[in-house]
Amino acid sequence: MATDLFYKTIAELGCLLETKAISSAELTQAVIARTKAVDGKIKAFNSFDEADALAQAGASDRRRAAGDARGILDGIPIGLKDVISAAGQPLTASSRMLANFVSPYDATVTARLKGAGAVIWGRLNCDEFAMGSSTENSAFGPTANPWDFSRVPGGSSGGSSAALAAGEAIATLGSDTGGSIRQPAALCGVLGLKPTYGLVSRYGLIAFASSLDQIGPLTRTAEDAAIMLGAIAGHDPLDSTSFKTDLPDYRAEATTRRGPWRLGIPKEYFGAGLDPEVNAAVEQAIAFYRGHGCEIKEVSLPHTQYCLDTYYIIATAEASSNLARYDGIRYGHRSKDATDALDIYFKSRAEGFGAEVKRRIILGTYVLSSGYYDAFYLRAQKVRTLIRQDFLNAYKEVDALLTPTSPMPAFKIGEKSDPLALYLCDIYTIGVNLAGLPALSVPCGFTGGGLPIGLQLIGRPFDEANLLAMAHTYEQAHGWSRRCPVL
Ligand code: GLN
């Protein structure tokens with residue numbers, strides 16, 4: 001177990017800061033030094049502002065000295081995926097389209113983290129507009145997996161998972177439309193939580209597919225995820241899809257609830273295509289919960305086979321609409337060769353967007369076009385309801401579901417060149433987004449070659465507290481979460 005400051009948890013560092021054993025300036029310096037030492041190889045960051053981070057840390061230390069510390073997050077450096085706005089900082093979505101864009105305002109999650117005293121640290125690489133599963137679709141080049149530099153960190157929040165695994169941040173935020181928090185968390189050996197749709201405000205998140213997108217934390221432990229969720233969750237009048245619901249004390253619940261829970265194993269999630277080492281690690285995790293007194297039951301989610309098709313109709317349809325705003329007029333890249341208004345649209349979008357983004361805009365425009373709307377989009381919406389119903393039916397018998405997060409451990413950079421091969425990475429994660437449910441990935445072992453493996457826990461709507469308690473219970477019995485890559 002690492003003793004370096006940059007590898008400690010929020011919970012540990014919160015104590016050290018509170019007792020003044022360390023200052024936020026020292027901690028932030030340690031994270032900056034670590035980033036400078038390792039990010040040349042990992043490339044998790046699109047940009048960072050050292051002076052700004054140190055100024056925030058200084059302000060935190062002054063608050064603490066005056067007896068005005070704001071709680072456990074005060075002074076902790078947190079990295080943001082480069083699709084989440086922070087006023088005055090670059091916001092690129094890892095796209096040429098926004099290469100020179102600076103956020104005019106804070107996302108609600110950013111404002112809430114600042115309100116909690118956190119040090120907002122760096123802009124983290126991702127697939128362009130969060131479209132991908134490997135961070136190879138970034139216009140700024142791929143991020144490397146800290147466990148093996150020749151491999152991907154997962155995606156689209158690959159910078160968020162890699163930076164955390166490498167000690168370049170104490171926690172990070174990602175966004176998850178079809179698995180983009182959980183899959184990179186699994187591939188980098190950290191915990192990633194996708195909250196229930198509507199629990200965390202999307203205000204200030206660059207929209208990919210608005211009915212699926214959620215922001216969530218990547219952390220070293222379930223307790224840290226609970227701390228982060230407590231800071232960012234809750235109703236926001238600036239997001240019309242944000243729920244008004246009472247929030248539990250996630251940290252207290254996560255660290256005290258002990259179950260036992262009734263857990264379902266969806267049989268459709270253990271079929272062909274699942275890597276045998278991933279399967280074995282997940283089976284061992286299931287055995288742990290059985291030993292803990294949980295009732296384990298096989299369940300069926302019969303519409304699972306339609307998840308991928310449904311997702312790639314709905315997500316691309318929404319993306320084609322959301323990305324229409326990048327017209328080269330109001331903001332973003334404008335072609336220098338354009339001669340008139342129409343030419344500005346065409347050339348700016350042709351130059352600004354990468355291949356995967358274009359593929360999705362074309363597909364999304366197609367499924368929404370007259371004559372095809374009923375056959376594709378409308379039908380996909382109906383199937384989406386059936387997929388959600390599958391999960392709700394399962395929850396009549398069980399409290400949560402256990403599955404692998406990703407069918408395979410981290411693959412080689414450049415290995416999957418066919419878009420469909422990459423789409424298949426999300427086979428176990430996208431149903432959760434279509435159903436609007438909370439889910440997390442917790443480290444559950446390593447392959448013989450030393451690559452991390454993730455276990456996915458899927459819960460009832462707004463049941464994050466139980467999911468975090470399940471993950472915490474598991475972490476207490478296993479050391480996986482505290483292993484760090486040797487860099
Ligand atoms: N990999 C999926 C996609 O490319 C999910 C991405 C995400 O969750 N943002 O659409």
Side-chain angles (χ1 to χ4, degrees), residues 81 126-127 130-135 152-158 160-161 174-197 208-209 211-218 225 264-266 268-271 273-275 278-279 281-282 285 301 303-316 384 387-388 390-391 394 400-411 416 419-444 452-459 461 464 467 471:
K81 182 177 181 180
C126 55
D127 287 296
M131 297 175 187
S133 303
S134 64
T135 315
V152 303
S156 63
S157 311
S160 300
S161 62
S175 66
D176 191 315
T177 306
S180 278
I181 292 173
R182 291 160 286 157
Q183 185 257 15
L187 270 46
C188 287
V190 297
L191 189 144
L193 169 69
K194 184 207 94 76
T196 308
Y197 186 78
F208 162 12
S211 77
L212 301 161
D213 300 339
Q214 269 292 288
I215 296 171
L218 292 99
I265 313 298
E268 292 82 1
Y269 283 55
F270 290 81
L274 176 57
D275 178 275
V278 174
N279 187 31
V282 171
L301 303 171
H303 295 91
T304 298
Q305 57 175 312
Y306 304 114
C307 283
L308 209 63
D309 303 12
T310 306
Y311 173 85
Y312 276 96
I313 292 171
I314 294 174
T316 57
R384 180 177 187 173
I387 290 167
R388 178 171 165 88
D390 279 356
F391 282 99
L401 304 172
L402 297 186
T403 79
T405 306
S406 160
M408 75 285 282
F411 45 91
K416 292 186 192 289
L420 204 58
L422 275 166
Y423 297 173
L424 284 167
C425 297
D426 302 308
I427 194 96
Y428 303 139
T429 49
I430 47 181
V432 165
N433 300 73
L434 289 166
L437 301 170
L440 61 78
S441 178
V442 60
C444 74
I453 299 172
L455 169 75
Q456 180 173 230
L457 303 171
I458 309 171
E464 281 80 358
L467 291 184

For Ala315 versus Phe208, what's the shortest heavy-atom pair and its separation? O-CE1, 3.9 Å

Sub-3.5 Å donor-acceptor pair from the side chain of Gln456 to the main-chain atoms of Leu402, do we have one? no

Are side-chain heavy atoms of Leu457 and Leu401 found at a separation under 4.5 Å? no

Tyr423, OH: over 12 other non-hydrogen atoms inside 6.0 angstrom: yes

So do Leu308 and Leu424 actually touch side chain to side chain, heavy atoms under 4.5 Å? yes

Would you say the side chain of Cys188 lies within less than 4.5 Å of the side chain of Pro153, judging by non-hydrogen atoms? yes

Are Gln183 and Thr405 close enough that a side-chain donor and a side-chain acceptor fall under 3.5 Å? no

Are Pro443 and Ile453 close enough that some pair of their side-chain heavy atoms sits under 4.5 Å apart? no

Taking C-beta and beyond as the side chain, do Pro195 and Glu464 meet within less than 4.5 Å on heavy atoms? yes

Heavy-atom side-chain contact between Thr135 and Val152 under 4.5 Å: no

Donor-acceptor contact below 3.5 Å, side chain Asp426 vs main chain Thr429: no

Kindly say whether Ile181 contributes a backbone atom to a donor-acceptor pair with the side chain of Lys81 at under 3.5 angstrom? no

Which atom pair, heavy atoms only, marks the closest approach of Pro461 to Thr196? C-OG1, 3.9 Å

Nearest atoms (heavy-atom pairs only) where Leu440 meets Ala471: CD1-CB, 3.9 Å

Checking Ser180 side chain against Ser156 main chain: does a donor-acceptor pair fall under 3.5 Å? yes

Tell me whether Ser441 contacts the main-chain N or O of Leu191 through its side chain, where contact means a donor paired with an acceptor under 3.5 Å. no

About how many Å separate SG of Cys425 and CG of Leu187, when rounded to the nearest 0.5 Å? 8.0 Å

Would you find a donor on one side and an acceptor on the other, under 3.5 Å apart, between the side chain of Asp176 and the backbone of Gln214? no

dist Asp309:CG -> Ile430:CD1 (nearest 0.5 Å) comes out at 8.5 Å

May I ask you to check whether Arg182 and Ser406 show a side-chain donor-acceptor distance below 3.5 Å? no

Using atom types as modelled and distance alone, determine if a side-chain donor or acceptor of Ser157 lies under 3.5 Å from a backbone N or O of Gly174. no

Do Asp213 and Ser175 meet the criterion of a side-chain donor-acceptor pair at a distance under 3.5 Å? no

Shortest non-hydrogen contact between Ile387 and Gly431, atoms and distance: CG2-O, 4.2 Å

Taken to the nearest 0.5 Å, the spacing of His303 NE2 from Leu434 CG works out to 12.5 Å

What are the two closest non-hydrogen atoms of Arg388 and Ala435, and how far apart are they? NH1-O, 2.5 Å

Between atom OG of Ser211 and atom CZ of Arg384, what is the distance when rounded to the nearest 0.5 Å? 3.5 Å

Do the side chains of Val432 and Lys194 get nearer than 4.5 Å, heavy atoms only? yes

Reported CZ-to-OG distance for the pair Phe411 and Ser133, which is rounded to 0.5 angstrom: 6.5 Å

Tell me whether Thr177 contacts the main-chain N or O of Leu212 through its side chain, where contact means a donor paired with an acceptor under 3.5 Å. no

Specify the closest pair of heavy atoms between Pro407 and Gly273, including all atoms of both residues, with the distance to one decimal. CB-O, 3.7 Å

May I ask you to test the Ile427-Tyr269 pair for a side-chain heavy-atom distance under 4.5 Å? no

Do side-chain atoms of Glu268 reach the backbone of Leu301 as a donor and acceptor pair under 3.5 angstrom? yes

